[in-house]
Amino acid sequence: MKLKYIVPVLLLALFTSCSSDDDDEAVPPVNEVENLIKVKDITNDTHTIEVYTKSGKFYTGYNDISIRIKDNTDNKYIESAVINWDPMMQMETMRHSCPKSAVSKASDKNTLYNGFIIYQMTGMNGSGWSLKIMYTVDNQEYEAEDTITVVQSEKQNVTTVTGSDDTRYILALIEPTTPKIAVNDITIGLYKMENMMMFPVVKNYTITLDPRMPSMGNHSSPNNKDLRYNNTKQKYDGKLSLTMSGYWVLNLKLIDDKDVILKGENITESHIQSSLYLEIEF
Ligand SMILES: [Cu+2]
């Protein structure tokens, strides 16, 4: 089709669709998944569970996830479900889960439910993970499960380490999602690997922060603030000063509630990177 014909056809399509909408209903329905992209439909005989993120993908690290459940018989979205989920990675010799939140109704939505999952690793080509959704509608219990793809993040935004207390910890960078040349709010999630399935939040520790630019003499930045536990968010909050764009290593130390350093070291001329770190590039 020639270009000069395309614009009139598009305009025509626009007008016809608008006028037919006006005939059907006075108020257009609110799009509850605006700015979200579907990752996957997980289905069973009765329902289709739509899983959304901002990017339309799952990545290693922290994932903010939205869910809605469609009734397959009338294509209506469920407004009062109780939802739980179970992410699982099948490895060669064992299975394990990962840190996750509860799933709760999005405060300003009728059909949308929210939570987060922190995938601490992924397999070849993003393989290995599955996601099971358990939910109750009208006192009836259901579940649906499918394999999912978890894409490897380019930078280390999540790390699993063993502390001097012989405990396995998972740290995940949650904020900033869009770092700026400024003093940024930084949020980290800290979880203990109690066993393969249980990853409870660790409270009242301290995470010290020393951001460095390895490409520029490993310089640091002023006005950083170590991360402290925020009981309301159940996460750790601090300040991250980024004085220029580029690649930064966030050197960390994990200190428990008795002031014992569990992991990580100070940065010196001869020790240029902590054994506990996360990365940012922007
Ligand atoms: Cu694994």
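Residue numbers run from 1 in the order of the sequence given. When a ligand or atom number is given, it counts from 1 through the structure's own listing order. Everything quoted here is computed from the prediction, not taken from an experiment.
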>> When you measure from the Cu ion (ligand 1) to the N, O or S atoms of M121, does any of those distances fall below 2.8 Å?
In response: yes

>> Among the N/O/S atoms of H96, which is closest to the Cu ion (ligand 1)? Give the atom name.
In response: NE2

>> Ring-plane angle category for Y135 and H47, please: parallel below 30°, perpendicular beyond 60°, tilted otherwise.
In response: perpendicular

> In a check of ring pair (Phe, Tyr, Trp, His ring centres under 6.0 Å) between H96 and each of W129, F199, Y119, which one passes?
Replying inline: W129

> In terms of side-chain geometry, is the basic nitrogen of K54 or D64 positioned less than 4.0 Å from the acidic oxygen of its partner?
Replying inline: no

> Would E32 and K109 count as a salt bridge (charged side-chain N to carboxylate O under 4.0 Å, His left out) if you check the C-alpha gap in whole Å, the side-chain angles of each, and the deciding distance to 0.1 Å?
Replying inline: CA-CA 7 Å; E32 297 213 316; K109 301 285 197 302; over 6 Å; no

> Near the Cu ion (ligand 1), is there an N/O/S atom from T122 that is less than 2.8 Å away?
Replying inline: no

